[in-house]
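Letters A, B, ... mirror the listed sequences (proteins, then strands); counts begin at 1. Source: prediction; values computed, not measured.
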Protein chains: 2
Amino acid sequence: MSGSGFAYTNLFARSLPAPALRFAGYPKYNFIGGHNDPTLIPVDGLIAAATAALRKEGPKLAMYTAAQGAQGYLGLREFVKSKARRRGIDCSTDDILITAGSGQGIDLVNAVLLEPGDTVILEEFSYQGAINKLKRDGQKIVAAPLDEDGIKVDALGEILGRLKRDGTTPKYIYTIPTVQNPTGSIMPLARRRQLIAVAQEYGVPIFEDECYADLIWGGREVPPALYSLDPQHVVHIGSFSKTLAPALRLGYAIADWDFMSRMIACRSDSGCGALEQMVVAEYFSQHFGEHVDELSETLKGKLDTMVEALEREFGTAVEPWIPKGGIFLWMKLPDQVDIMKLVQPAAAAGIALNPGPEWSVEAAPARSRLRLCFALASKEEIRAGVAEFARVCYEQTGIPVRSANVQRARAGE
Amino acid sequence: MSGSGFAYTNLFARSLPAPALRFAGYPKYNFIGGHNDPTLIPVDGLIAAATAALRKEGPKLAMYTAAQGAQGYLGLREFVKSKARRRGIDCSTDDILITAGSGQGIDLVNAVLLEPGDTVILEEFSYQGAINKLKRDGQKIVAAPLDEDGIKVDALGEILGRLKRDGTTPKYIYTIPTVQNPTGSIMPLARRRQLIAVAQEYGVPIFEDECYADLIWGGREVPPALYSLDPQHVVHIGSFSKTLAPALRLGYAIADWDFMSRMIACRSDSGCGALEQMVVAEYFSQHFGEHVDELSETLKGKLDTMVEALEREFGTAVEPWIPKGGIFLWMKLPDQVDIMKLVQPAAAAGIALNPGPEWSVEAAPARSRLRLCFALASKEEIRAGVAEFARVCYEQTGIPVRSANVQRARAGE
């Protein structure tokens, strides 16, 4: 054969995304990506669950969807149904769709509702994956302002009123009310009711993402899911990526059958992997409470370590939004810091971070903000990584001037 | 809450597919769907593999893609690499992408190459899933005639010449050369070389689907994959659905990096489930050969049972294309039989079959044809189901007149 490489690159579709780079492994200080704590993967429990599930149901793997239909393995849907009750949701297994992570849930909700050019409302700071899918597919995103309790409902009402005067009905309000991504806030019950009322007044569905709602610091009272308050006007998604393992690709959507039957029809795959569904159903139907309690306690310890390290290294130069659960910390550096300019120097020092503009509908309000995930790194790595980030930040911006109460000097000074 | 049902069906996207129906379980005689033999799921082997894999790699599940990047679990890519050598393919693990069944492989090849309105060439009878995706996405499909050795290359050359004169370069020739779906043929080596030559003459890539190539009746010599003959001009996909279990959602694509890097970039999920990848890698790296040998032998026995039953029940009224491997039998009934009119009466009798027009680029040439899968049903079910189908067929069409050498009488006569 002469030459090398695929011979027909001339036939590629126009407007393809840029080619992927070869996987280069993970950075030393990996504060991105929604990873979890490797020491808390319940290896023995999963082995026992896999053994029991295969013994009981193994032969069913010979049939597509293990002969249970496109909505997913019934045992896992039954577990989701019982877990949903913790969030106040009373639904049937026919209202539940097992998805490839919450990402497929977002894809399917979008498929049912959206066309290019449609308008949707997102929280001003929001999940990068949701933002990117909408931008890729040509929807207009309007930002709703946040405070420490989630969406500011008065401001949302003004936005909806303005859009209505312009003749626009947004296709949904996408909200992460329980451990907001990236701010970590939990919306109080009264505001949940206000949000539902204003959305209903303007005829706009609520798209509720509860990816992190099972990971709350111990003993905290959590208001019920929006879906539980008004299932006719809300579509709900969740995930097992955060409560168990992101490398298992499992999440779920809960919706009334009118909506559910459309999501199922929009699905172009042949369901999620049935072995993983069986294993998670088997493991979590016995161990969910104890597992998420232990995981949450560990995560809270890592959060505390990260906050201490940030305060030690950055002092008053950092303003963290202390999250009420989850795996990440959202924070602001002084206005003169352009976080996008720190991404490459940080990477060169082995640090991966989520720059605020990538987790924000508009780049400008997040110019000096960033998200750091604390679940994957050990406490030692958190301390060392934050110190290293402070060093990089100081070298690039002169901030923070003091770290660990010691005056810094620029490299070379 | 007053009323019921999702309140905003008015906001649904236009041109949604029809809503899904609630899953109603499987028919008594299930001759569709690519299912496999439940008695040959290696339950003990999978338990041992899951145990070993979780013991070795379990903590990695805490990281997206088990920290191995978007191409999939390296252990499984290494197995695919070694398996590909059986098909003559010499590739690196960087040329391999683990996909959610071969279906995602088709989606990603389409994403890299196709835009609405593009033209592609398919074998006149082909995989329904591939046909449906193209029709949904607005591509024009041109049918290439088949004989018992696969695509007729002379006819293909004429089609390519005609398209060229019209100024059209097809984006690919989709072929299933090794156990064609639905005809079960295997393309001889000489014709493989001719196919590659004519495709290259007209500047058209070959898209090779080898879903069934590992399931060949004992001892048969199989020519190497098209990809092995010309990796610059071919993209290759395969599946573990047929060799192990379709409820595991695992397949693979093999392509040169120029193409591969685009497929990876078009992927919008976060990889395939890593536990299933680990289990399959662990199990198949030890047991692949013995497993597919045993499976193929069992499948051959079921094929023989189905052919005998068809001959007994339909006599000369049926013309089967005896497959050289795989899980299905393609056949023709007399011209006066409109198979689409038999689907509902057969379903009412508990029989599910694949009517030919759904496995054909053009409906007309497949009007009297059908595909019956023989992997899931037991031999007793195959015999009883074929007899029942003959009864339904006779009642609807008067064919076959004789079954098991007994003259039939119409119901009520």
Which bit of [X] comes within less than 4.5 Å of chain A, counting heavy atoms only: side chain, backbone, both or neither?
X: B/Asp37; answer: backbone
X: B/Asp107; answer: side chain
X: B/Ile41; answer: side chain
X: B/Leu40; answer: neither
X: B/Ala111; answer: backbone
X: B/Lys242; answer: side chain
X: B/Gln104; answer: neither
X: B/Pro170; answer: backbone
X: B/Arg14; answer: both

*Taking all heavy atoms of B/Asp44 and all of A/Arg55, pick out the closest pair and write down the distance.*
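That would be OD1-NH1, 2.7 Å.
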_Minimum heavy-atom distance A/Val112-B/Leu16, with the two atoms named_ =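 Taking every non-hydrogen atom into account, O-CD1, 3.7 Å.
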*Is the CG atom of B/Asp90 crowded by more than 12 outside heavy atoms at less than 6.0 Å?*
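Check fails, neighbour count at 12 or below.
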*Does any heavy atom of chain B fall under 4.5 Å from the side chain of A/Val279, the backbone, both, or neither of them?*
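Just the side chain, heavy atoms under 4.5 Å.
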Is there a donor-acceptor pair under 3.5 Å between the side chain of [X] and the backbone N or O of [Y]?
X: B/Arg262; Y: A/Pro17; value: yes
X: B/Gln68; Y: A/Phe23; value: no
X: A/Gln232; Y: B/Phe6; value: no

Partner chain B: residue of [options] with the largest heavy-atom pair count (under 4.5 Å):
options: A/Ala66, A/Ser268, A/Ala62, A/Ala100; answer: A/Ala62
options: A/Ala13, A/Ala48, A/Cys272, A/Ala50; answer: A/Ala13
options: A/Gly203, A/Ala24, A/Ala70; answer: A/Gly203
options: A/Ala265, A/Pro19, A/Gly103; answer: A/Pro19
options: A/Leu248, A/Thr51, A/Ile264; answer: A/Thr51
options: A/Ala245, A/Ala255, A/Ala67; answer: A/Ala67

I'd like to check [X] versus [Y] (side-chain heavy atoms, cut-off strictly below 4.5 Å). Are they in contact?
X: A/Leu11; Y: B/Tyr172; answer: no
X: A/Phe12; Y: B/Phe259; answer: yes
X: A/Tyr8; Y: B/Gln200; answer: yes
X: B/Leu61; Y: A/Leu46; answer: yes
X: B/Met63; Y: A/Tyr26; answer: yes

*State which residues pass side-chain contact (heavy atoms from CB on, under 4.5 Å) with A/Ser241; sequence neighbours excluded, sorted by chain then number.*
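A/Ser241: side-chain contact (heavy atoms from CB on, under 4.5 Å) contacts with A/Ser239, A/Pro246, A/Arg249, B/Tyr64.
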*What residue pairs, at least two apart or across chains, pass salt bridge (Lys or Arg N to Asp or Glu O under 4.0 Å) with a residue in residues 18-27 of chain B?*
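Counting only pairs at least two positions apart or across chains, the salt bridge (Lys or Arg N to Asp or Glu O under 4.0 Å) contacts touching residues 18-27 of chain B are A/Asp94-B/Arg22.
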*Heavy atoms only, distances under 4.5 angstrom: which of B/Gly129, B/Ala375, B/Gly69 has the most pairs with chain A? Name it, please.*
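The answer is B/Gly69.
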